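These numbers come from a predicted model, not from an experiment.
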Amino acid sequence: MLGSDFGDPQIKEQMAKELRQRLIDAKKEGRPLRVYCGYDVTAPDLHLGHTITIRKLKQFQDFGHDVNFVIGTFTTLIGDPSDRDTARSAAIEEKVKQNAQSYAEQAFKILDKQKTRVRYNNDWLSKLTFKDVINMASCFTVQQFLVRDRIQKRLESNDPIWLREFLYPLAQGYDAVELKADVQLGATEQLFNLMACRRLQEFYGLKPQICLTFPVLVGIDGADRMSKSRGNYIGIDEPPETIYGKTMSIPDNIMLQYFELLTDIDEAELGDIKKQIESGANPMSLKKRLAFDITKQYHGEEKAKEAEAHFEKTVQNKELPDEIEEYKITDNITISQLITQSGLAASRSEAMRLIKQGAVSIDGKKVDDANLNVAKGVTIKVGKRRYLKTV
RNA sequence: GGAGGGAUGCCGGAGCGGCCAAUCGGAGCAGACUGUAAAUCUGCCGCCCUAAGGGCUACACAGGUUCGAAUCCUGUUCCCUCCA
């Protein structure tokens, strides 16, 4: 399968072999494969990073397999080891519930709602007894955890390692048992957890699942993994202009990765794009194609075209956008006050700074006097993409 | 239970009595340039004011010492490591 990625070629080969065999077996039994991927709910929105596996789920779905979208309503609560504040956990639980809902809805931008089973792992994990946990724990040794890279590093730097972190793979692993999964997808960093699932499945007398892992998507800063908390993400629920614009803002050198992981283009085309980049083609036009493709996936072709037009107009031609928000002003208002009040700047100090830096203009004319009175019916521009029309 | 270490701006992390609104890096913002909101370079980056200048609030919290404290002392809260 295009895009799957294992650090270890042996595992990859093994998994490929097992997957072929499982497909044959399933066909004989006249049943589809049961495929799933689990998502912890740390933020209310899905972003492009999540879509790598969701898109793979969709592929399985298109082949007629039984796709389960598992939301980690339970695992999310034990996942974050830094959060031990039990007083807050009730509120967190509530939030997780809400976010889980929006996760499912957003996932249906990719998956077929009719054919997808949405599962919440709190449904089964919260019912396990301490005895179950002990039983599962007997499948693993502490050494297996200690050799992990991240654990090693923290051991060396004296950072805390929480017991609950060791329990996390058990909880996640039980998902695979409960679902009787044939195949589980996950990010490469999840390999350890995915493999733990196999052990538990065997322990419970099931055939171990096939694990497929996929690369972690780098964020639009080109440095860290995409995540909401780092702010380097593109949410699939964001407006078309935003998705388009944010895609245009990724560094040129990660463009190919984005093509590979986030669009449907095939290998031949990918090779072609690669060649174009290497031969010094203008990355801008390729990136526009990428931005268009991604925007289209989540908003449709029409909106994608509009987003592209908007980008060309405002960014490339530095013209004003078609629609500018109107803001009602009082008679005696200075430009610095207006910018602050309307929220174009976070504070008066910032407004002053922006004016000093030459970032503010009225009807295309740069403003250098912060006390300038603003008339009605003019267009204010702050920086590259903040606009306002006074009324 | 015992011993030690720590809490600094969005994040990481200096500073260890005045030169601190606080070094530096990241993020963010702006300008220039351009091939795009890429890259690169430069600047900004607590809040308020009639903004060349002035004021206020800030270095976990509460007190204290001092002409003067992020820096010293006392207490409190929280966190980490090690031993048991």
Side-chain angles (χ1 to χ4, degrees), chain A residues 80-88 151 153-163 165 218-234 238-259 273 276-277 279-295 307-321 332-337 339-341 343-361 366-373 380-387:
Chain A
D80 182 3
S82 63
D83 181 41
R84 295 197 306 162
D85 192 342
T86 44
R88 272 170 51 209
I151 300 287
K153 276 193 190 124
R154 283 191 286 166
L155 224 40
E156 277 163 30
S157 60
N158 269 357
D159 283 331
I161 298 165
W162 296 91
L163 185 57
E165 294 179 67
V218 66
I220 60 176
D221 56 359
D224 291 312
R225 56 173 305 161
M226 184 175 282
S227 85
K228 176 121 181 176
S229 56
R230 285 211 176 83
N232 62 353
Y233 70 103
I234 300 177
E238 294 196 273
E241 289 81 19
T242 307
I243 293 183
Y244 193 98
K246 279 189 177 179
T247 306
M248 289 308 288
S249 81
I250 65 169
D252 291 346
N253 61 14
I254 62 169
M255 221 165 57
L256 198 69
Q257 260 183 77
Y258 271 45
F259 267 115
I273 289 171
Q276 283 189 54
I277 293 174
S279 67
N282 187 345
M284 187 261 289
S285 48
L286 282 169
K287 209 190 279 177
K288 278 174 82 173
R289 181 176 156 191
L290 175 71
F292 182 84
D293 189 308
I294 293 173
T295 310
E308 184 161 82
H310 177 263
F311 181 82
E312 286 167 355
K313 190 168 183 171
T314 60
V315 179
Q316 296 192 286
N317 299 329
K318 297 185 170 44
E319 290 169 27
L320 294 174
N332 263 322
I333 189 164
T334 66
I335 181 70
S336 60
Q337 287 171 328
I339 294 174
T340 314
Q341 262 182 37
L344 291 188
S347 67
R348 187 90 193 287
S349 300
E350 191 181 310
M352 299 300 286
R353 247 177 259 134
L354 286 164
I355 293 168
K356 205 177 284 175
Q357 287 173 143
V360 180
S361 65
K366 204 167 265 184
V367 175
D368 47 20
D369 177 10
N371 295 319
L372 190 71
N373 265 292
I380 317 274
K381 187 180 173 206
V382 176
K384 283 188 183 96
R385 43 186 207 278
R386 280 173 273 174
Y387 311 91

query: How does RNA chain B look in dot-bracket notation if pairs are Watson-Crick or G-U with both distances under 3.5 Å, crossing ones as [ ], other-strand ones as |?
result: ((((((((.[[[..)..(.....]]].(((((.......))))).((((...))))...[[[[[..)....]]]]]))))))).
field: Contacts of A:T334 that satisfy side chain to side chain donor-acceptor pair (under 3.5 Å) - sequence neighbours left out
entry: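 Side chain to side chain donor-acceptor pair (under 3.5 Å) check on A:T334 returns A:S336, A:Q337.
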message: List the residues meeting side chain to side chain donor-acceptor pair (under 3.5 Å) with A:Q316, not counting sequence neighbours, and say none if there are none.
response: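 In terms of side chain to side chain donor-acceptor pair (under 3.5 Å), with neighbours along the sequence ignored, A:Q316 is linked to A:K288.
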With [atom1] as the reference atom in both, quote the distance from [N] to [M] in angstrom, rounded to an integer.
N     : M     : atom1 : result
B:G13 : B:C45 : P     : 24 Å
B:G9  : B:C47 : C1'   : 13 Å
B:U50 : B:G55 : P     : 16 Å
B:C10 : B:U23 : P     : 14 Å
B:U8  : B:C59 : P     : 11 Å
B:G12 : B:A62 : C1'   : 29 Å
B:A52 : B:G15 : C1'   : 31 Å
B:U81 : B:C11 : C1'   : 23 Å

When all nucleic acid strands are considered with a 4.0 Å heavy-atom cut-off, which category describes [X]: base, sugar-phosphate, or nothing?
X      : answer
A:G245 : base
A:E308 : nothing
A:R385 : base
A:K287 : base
A:P283 : base

query: Taking A:L354 as the fixed residue, which of A:V367, A:I335, A:V360 is the one that meets the side chain to side chain contact (heavy atoms under 4.5 Å, CB included) rule?
result: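 Per the side chain to side chain contact (heavy atoms under 4.5 Å, CB included) rule, the option paired with A:L354 is A:V360, out of A:V367, A:I335, A:V360.
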Could you tell me the separation between the [atom1] atom of [X] and the [atom2] atom of [N], rounded to a whole number of Å?
X      : N     : atom1 : atom2 : result
A:F311 : B:G35 : CZ    : P     : 14 Å
A:D224 : B:G25 : CG    : C1'   : 13 Å
A:K366 : B:A30 : NZ    : P     : 13 Å
A:D221 : B:G25 : CG    : P     : 18 Å
A:N282 : B:A39 : CG    : P     : 15 Å
A:M284 : B:C33 : CE    : P     : 17 Å
A:K356 : B:A30 : NZ    : P     : 17 Å
A:K384 : B:C29 : NZ    : C1'   : 9 Å

- request: Show the numbers, then the answer: is there a side chain to side chain contact (heavy atoms under 4.5 Å, CB included) between A:R289 and A:I273?
  value: CA-CA 11 Å; A:R289 181 176 156 191; A:I273 289 171; 4.1 Å; yes
field: No-H, no-angle donor-acceptor pair, A:D252 side chain to B:U36 base, under 3.5 Å
entry: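 Yes, a donor-acceptor pair under 3.5 Å.
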task: Count the heavy atoms belonging to other residues, nucleotides or ligands that lie under 6.0 Å from NZ of A:K313, then report whether that count exceeds 12.
output: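 Yes, because the 6.0 Å sphere around NZ of A:K313 holds more than 12 heavy atoms from other groups.
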message: To check you understand the geometry: which heavy-atom pair defines the closest contact between A:Y244 and A:A307, and what is its length?
response: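 Minimum heavy-atom contact is CB-CB, 3.9 Å.
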- prompt: Does any pair with a residue in residues 243-257 of chain A pass salt bridge (charged side-chain N to carboxylate O under 4.0 Å, His left out), and if so which ones, sequence neighbours excluded?
  reply: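 The answer is A:E238-A:K246, A:D252-A:K287.
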message: Is there a side chain to side chain contact (heavy atoms under 4.5 Å, CB included) between A:F311 and A:M248? Walk through the geometry before answering.
response: CA-CA 9 Å; A:F311 181 82; A:M248 289 308 288; 3.6 Å; yes
Working for side chain to side chain contact (heavy atoms under 4.5 Å, CB included), residues A:V218 and A:Y258: CA-CA 9 Å; A:V218 66; A:Y258 271 45; 4.2 Å; yes
- prompt: Do the non-hydrogen side-chain atoms of A:I294 and A:I234 ever get within less than 4.5 Å of each other?
  reply: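 Answer no - side chains too far apart.
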Return the polar atom pairs (N/O with N/O) between nucleotides 44-48 of chain B and the protein under 3.5 Å, or none.
from  : atom 1 : to     : atom 2 : distance (Å)
B:C47 : OP1    : A:S347 : OG     : 3.0
B:C47 : OP2    : A:R353 : NH2    : 2.9
B:C48 : OP1    : A:R348 : N      : 3.4
B:C48 : OP2    : A:R348 : N      : 3.2
B:C48 : OP2    : A:S349 : N      : 3.0
B:C48 : OP2    : A:S349 : OG     : 3.0

query: Want to settle it: does A:E241 or A:G358 sit nearer the 5' end of RNA chain B, counting the closest nucleotide to each?
result: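 Closer to the 5' end of RNA chain B: A:G358.
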message: Can you work out whether A:K318 or A:G383 has the more 5'-proximal nearest nucleotide on RNA chain B?
response: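 Going by which nucleotide is closer to the 5' end, it is A:G383.
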query: Closest to the A:P251 side chain: B:A38, B:G35, B:A52?
result: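 Within the option list, the nearest is B:A38.
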- prompt: Considering residues at least two apart in sequence or located in another chain, which fulfil the side-chain contact (heavy atoms from CB on, under 4.5 Å) criterion with A:S249?
  reply: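 In terms of side-chain contact (heavy atoms from CB on, under 4.5 Å), with neighbours along the sequence ignored, A:S249 is linked to A:I220.
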